[in-house]
Amino acid sequence: MMKRFKADLHIHSVLSPCAAGDMTPANIIFHAEQCGLDIIALTDHNACDNVPAIIEAAKNSKIIVIPGMEVETQEEIHVIVLFETLAKLNLWENYVQRFHCGLLNDERRFGPQFIVDANGDFINIKAEMLLAPLKCPLAKVVSTVESLGGICIASHIDRPSYSVISQLGFIPSDVKFNAVEVSRRMKIIDAAKTISSIGNSTIVTSSDAHTISDLISGPHTCFELKEPSFSEICMALAGEGFRRVVL
């Protein structure tokens, strides 16, 4: 029997320099529960150092955490990448390390990049600049994620910057996203009518939370699944086995 689950697949922690200081693992999990979420993904910019901490923070909660990252490609396109396991995400992180820009973060200009534990206590500062494109093109990002068993969602395609539509004007035919995401600026039901290049792509929406207020206010996506898991979400995005995104 299918059940309805509420998900937010695009959340930033204090590792992302543009995120607020209260976006710690325990605080994210607490507020995710408070607003009725069942599934979340932590998707910091070009890094995943806080994913183990949020998985740990979720152990005594009902929240299922999907390991993830928000990648910025060579074309300055943001892409959410999600994996079933932390081990698979770490393989992706190792691959990504080859394509970092080589610059160091300027905390005064962009904000700090904190690595923390499950309680939000300081462990370290990430030195490399995360708010910069990788030296890796979109097509290579998507194909490599697929080869590692992950999925790719085109981030906030309705935004005027850092989206595949804003940067290229269309979705390339050789780039196979598992879904496209719209921001709080647009409702899922309006996206296909407004953005013609979406075609038949599955559409989701997420908070892209950089603050707790963002997380609480959403938007979020409802899925019909057998259970709250990565594999079930993959089936829903593909429209398989009666799993689906609820509009």
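Just the heavy atoms: all of them, side chains too, but no hydrogens, waters or symmetry mates, feed the values below.
Distance alone, capped at 3.5 Å, places no donor-acceptor pair between the K187 side chain and the V182 backbone.
Atom OG of S197 sits about 5.0 Å away from atom CD1 of I171, to the nearest 0.5 Å. Annotation: the span from L131 atom CG to D106 atom CG amounts to 11.0 Å, rounded to 0.5 Å. In this structure, H210 NE2 and D44 CG are separated by 8.5 Å, a value rounded to the nearest 0.5 Å. For the atom pair I151 CD1 and E84 CD, the distance stands at 10.5 Å (nearest 0.5 Å). With rounding to the nearest 0.5 angstrom, the NE2 atom of H12 is 4.5 Å from the OG1 atom of T43. Within the model, atoms NZ of K140 and OG1 of T73 stand 14.0 Å from one another, a figure rounded to the nearest 0.5 Å.
Looking at S207 and D214, their side chains never bring a donor and an acceptor atom within 3.5 Å of each other. Side chains of S213 and T211: no donor on one and acceptor on the other come within 3.5 Å. Checked by atom type, the side-chain pair E72/H45 shows no donor-acceptor distance below 3.5 Å.
In the displayed structure, K3 atom NZ is contacted under 6.0 Å by at most 12 heavy atoms of other residues, nucleotides or ligands.
Criterion: ILVMFWY side-chain heavy atoms under 4.5 Å apart, direct or through other members. Under it, L89 and I123 are not part of a common hydrophobic cluster.
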